[in-house]
Amino acid sequence: MSAIADNLQAVQSRIALAAAAAGRSPDTVRLLAVSKTWPLACILEAAEAGQRAFGENYVQEGIDKIAAITGRNLEWHFIGPLQSNKSRPVAEHFDWVHSIERLKIAERLSAQRPAFLPPLQVCIQVNVSGEASKSGCAPDEAPALCKAIAALPGLRLRGLMAIPEPTDDLAAQRQPFRQLREIYEHIRAAGLPLDTLSMGMSHDLEAAIAEGATIVRIGTAIFGERNYA
Ligand SMILES: *Cc1c(COP(=O)(O)O)cnc(C)c1O
């Protein structure tokens with residue numbers, strides 16, 4: 001087996017253990033392989049091992065990869081910061097966007113989504129406590145933003161995403177994930193049919209699954225340490 005196939009299997013085992021510990025079925029947690037900075041060969045290796053969903057952070061890099069790999073029935077998720085002037089290629093080429101933080105971007109993506117494609121699946125990024133980046137809407141803005149985005153015809157609102165500050169302490173890792181889940185439950189109780197909590201990365205997927213993650217976004221544990229140089 002290739003190193004990437006081995007790593008995928010190891011990550012799937014971590015997911016299964018964490019799900020079992022939380023009394024959840026492992027198939028309630030989807031693995032998104034975050035392939036930013038990694039060449040096509042690595043993505044193809046993961047695809048050979050059965051991985052379907054890939055996450056990219058940079059618009060040009062992502063659409064170049066999507067254009068280069070066709071006919072494999074892969075699913076592409078945009079998970080990075082998105083500027084308005086780069087929304088069109090994302091609307092035209094990706095299947096999901098996890099990082100929506102403003103209504104204006106959502107309106108552009110909706111208007112730019114080609115009619116021959118299914119609606120773009122989207123999550124709202126929320127800046128929960130201890131967030132490393134300044135990205136995401138404020139927690140108290142999330143319900144109104146979700147309501148407005150749910151009405152856009154080119155999008156299908158699926159749920160919420162967050163990127164908490166890295167920490168090694170399991171209890172500290174769980175706190176922001178719990179906060180995101182509580183916002184999610186609140187929005188569901190208000191009548192929006194959300195089904196996705198995109199949370200958990202290589203170092204904290206166990207904490208995220210314990211708090212209800214339905215998609216974990218894993219890069220390093222599959223492909224290795226990234227080199228941005
Ligand atoms: C890079 C990235 C990941 C993957 O992080 P790892 O620590 O390598 O697993 C997940 N989510 C987002 C938004 C990222 O930018």
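Read the numbers this way: they start at 1 and go in the same order the structure lists the ligands and their atoms.
Between Glu185 and Arg188 there is a salt bridge, with a side-chain nitrogen of the basic residue lying less than 4.0 Å from a carboxylate oxygen of the acidic one. We find that Glu48 and Arg72 are joined by a salt bridge, their nearest charged nitrogen and carboxylate oxygen being less than 4.0 Å apart. A salt bridge links Glu211 and Arg178; the closest N-O separation between the charged side-chain nitrogens and carboxylate oxygens is under 4.0 Å.
Those atoms of ligand 1 that come under 4.0 Å of a heavy atom in Ile218, given as number and element, are 9 (O). Near Gly219, with a cut-off below 4.0 Å to any heavy atom, the atoms of ligand 1 are 4 (C), 6 (P), 8 (O), 9 (O).
When Gln125, Arg217, His77 are checked for heavy-atom proximity to atom 11 (N) of ligand 1, Arg217 turns out nearest.
When side chains are defined from C-beta on, Leu157 counts as touching Leu194, because their heavy atoms get closer than 4.5 Å.
Looking at Ile163 next to ligand 1, no N or O pair under 3.5 Å apart turns up. Checked by distance only, ligand 1 and Asn57 come closer than 3.5 Å through their nitrogen or oxygen atoms.
Scanning all protein heavy atoms for the shortest distance to atom 1 (C) of ligand 1 gives Lys36 NZ, 1.4 Å. Considering only non-hydrogen protein atoms, atom 9 (O) of ligand 1 sits nearest to Ser202 OG, 2.5 Å. The single protein non-hydrogen atom nearest to atom 5 (O) of ligand 1 is Met201 CE, 3.4 Å, given as residue, atom name and distance. If you check which protein heavy atom lies closest to atom 8 (O) of ligand 1, you get Thr220 OG1, 2.5 Å.
Of the residues Lys65, Arg217, Lys36, the one that meets the salt bridge (Lys or Arg N to Asp or Glu O under 4.0 Å) test with Glu56 is Lys65.
Under the 6.0 Å cut-off for aromatic ring centres, Phe94 and Trp76 do not qualify, their centroids lying 6.0 Å or more apart.
Ile218 and Ile215 are not part of a single hydrophobic cluster, where members link through side-chain heavy atoms under 4.5 Å apart.
Of the heavy atoms in Ile79, both backbone and side-chain atoms come closer than 4.0 Å to ligand 1. Within the 4.0 Å heavy-atom criterion, the part of Arg226 lying near ligand 1 is the side chain and not the backbone.
Under 3.5 Å, the side chains of Asp169 and Thr167 contain no donor-acceptor pair of N or O atoms.
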